[in-house]
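For reference, the structure is listed below as structure tokens.
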Amino acid sequence: MQRDAAWVNWRRGGIGGSDVAAILGLSPWASPYSVWAEKVGLIPGDDETNEAQEFGLRAEPMLAQWFTDRTGLPVSGTQQQMSHPARTWMRCTIDGRHDSAVIEFKTTTDPAWKTIPDYYQCQAQWNIAVTEAVGCWFGVLHMAGGRPRFH
């Protein structure tokens with residue numbers, strides 16, 4: 001699935017939530033070097049989604065409805081691009097919002113987590129900083145025998 005070209009260009013113009021864990025050396029998918037090299041144009045960006053990413057993107061509307069059904073908390077602002085009001089290079093695309101908290105939806109084949117992995121905690125903290133939110137909810141679909149949970 002081809003990513004939206006305007007979103008890809010916007011994302012390349014700053015540091016996004018999924019870049020943070022890589023910059024800190026905590027990402028299983030990217031490194032500090034790969035983020036830098038992509039941002040300065042030394043390596044091509046990832047304009048295509050892989051199968052797992054595509055599934056996750058397609059699952060988000062279902063997860064948002066399921067989150068609302070289970071928690072009673074309505075989700076708004078899905079896939080909303082946001083920049084920090086003063087530091088516009090700080091960017092994120094939030095999966096959703098409830099009142100003054102951001103929401104991250106994840107689909108994973110990992111067994112049910114006891115704690116949120118560091119690489120996702122980095123993304124959540126960044127998204128909180130960018131949006132000036134008060135916290136972050138996680139709606140996670142564990143597809144390896146676990147059941148969906150909220151964190």
Side-chain angles (χ1 to χ4, degrees), residues 1-30 34-35 38 45-151:
M1 182 166 104
Q2 182 75 25
R3 294 185 192 257
D4 177 64
W7 178 83
V8 170
N9 288 332
W10 175 81
R11 190 178 177 285
R12 286 186 183 146
I15 302 298
S18 59
D19 296 327
V20 175
I23 291 168
L24 294 173
L26 298 172
S27 173
W29 305 286
S34 68
V35 171
E38 182 182 332
D46 189 7
D47 296 350
E48 294 283 329
T49 57
N50 63 36
E51 193 170 79
Q53 291 168 328
E54 181 179 353
F55 179 84
L57 287 170
R58 290 177 183 254
E60 284 179 9
M62 179 271 305
L63 288 170
Q65 184 60 56
W66 182 75
F67 179 89
T68 297
D69 292 347
R70 289 295 183 126
T71 65
L73 306 174
V75 177
S76 64
T78 57
Q79 290 301 302
Q80 185 178 2
Q81 296 174 2
M82 304 193 74
S83 296
H84 188 276
R87 295 177 285 285
T88 58
W89 56 270
M90 292 175 66
R91 299 175 178 190
C92 67
T93 303
I94 61 170
D95 295 340
R97 190 169 199 121
H98 173 72
D99 290 338
S100 56
V102 292
I103 304 171
E104 276 297 315
F105 295 115
K106 302 295 180 194
T107 56
T108 179
T109 57
D110 296 336
W113 304 325
K114 294 198 182 338
T115 62
I116 304 295
D118 291 344
Y119 46 89
Y120 288 145
Q121 288 187 43
C122 292
Q123 182 180 17
Q125 291 296 323
W126 185 261
N127 291 357
I128 290 167
V130 170
T131 63
E132 300 180 332
V134 298
C136 179
W137 284 94
F138 278 87
V140 184
L141 175 59
H142 295 276
M143 299 183 301
R147 64 179 192 69
R149 293 177 42 186
F150 297 115
H151 298 276

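Basis for what follows: all heavy atoms, side chains included, without hydrogens, waters or symmetry-related copies.
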Is there side-chain contact between [X] and [Y], with heavy atoms separated by less than 4.5 Å?
X      : Y      : answer
Met82  : Met90  : no
His98  : Pro74  : yes
Thr68  : Leu73  : no
Leu63  : Thr107 : yes
Cys136 : Ile103 : no
Leu57  : Glu54  : no
Glu132 : Ser100 : no
Leu141 : Met62  : yes

Among Gln81, Gln79, Gln80, which residue meets the side-chain contact (heavy atoms from CB on, under 4.5 Å) test with Ile94?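 The side-chain contact (heavy atoms from CB on, under 4.5 Å) with Ile94 is passed solely by Gln80 among Gln81, Gln79, Gln80.
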Whether Thr131 side chain and Asn127 backbone form a donor-acceptor pair below 3.5 Å: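 It does hold such a pair.
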Verify, without hydrogens or angle tests, whether Thr88 (side chain) and Ser83 (backbone) share a donor-acceptor contact under 3.5 angstrom.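 No; zero donor-acceptor contacts below 3.5 Å.
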Under 30°, 30 to 60°, or over 60°: which ring-plane class applies to Phe67 and Phe105, parallel, tilted or perpendicular?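 Perpendicular, since the angle between the ring planes exceeds 60°.
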Taking the inter-plane angle between the rings of Tyr120 and Phe138 on a 0 to 90° scale, is it parallel (under 30°), tilted (30 to 60°) or perpendicular (over 60°)?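 Tilted, since the angle between the ring planes falls between 30° and 60°.
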To the closest 0.5 Å, what do you measure between [atom1] ([X]) and [atom2] ([Y])?
X      : Y      : atom1 : atom2 : result
Trp137 : Asp95  : CH2   : CG    : 15.5 Å
Ser18  : Trp29  : OG    : CH2   : 9.5 Å
Ile116 : Cys122 : CD1   : SG    : 12.5 Å

Determine the minimum heavy-atom distance between Val75 and Gly96, stating which atoms define it. CG1-CA, 3.9 Å
Which heavy-atom pair separates Ala133 from Ala101 by the least distance, and what is that distance?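 Smallest interatomic distance, heavy atoms only, reads CB-CA, 4.2 Å.
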State, without any angle test, whether Thr78 and Arg97 hold a side-chain donor-acceptor pair at a distance under 3.5 Å. no
Could you tell me whether Asp19 and Arg91 make a salt bridge, using a distance below 4.0 angstrom between a side-chain N and a carboxylate O?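 Between Arg91 and Asp19 there is no salt bridge, as every charged N stays at least 4.0 Å from the carboxylate O atoms.
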Could Lys106 and Glu104 be called an ion pair, given the rule that one side-chain N must be under 4.0 Å from one carboxylate O? yes
Could you go through Trp89 and His84, starting from their C-alpha distance and side-chain angles, then the distance that decides it, and tell me whether this counts as ring-ring contact (aromatic ring centres under 6.0 Å, His included)? CA-CA 7 Å; Trp89 56 270; His84 188 276; 8.5 Å; no
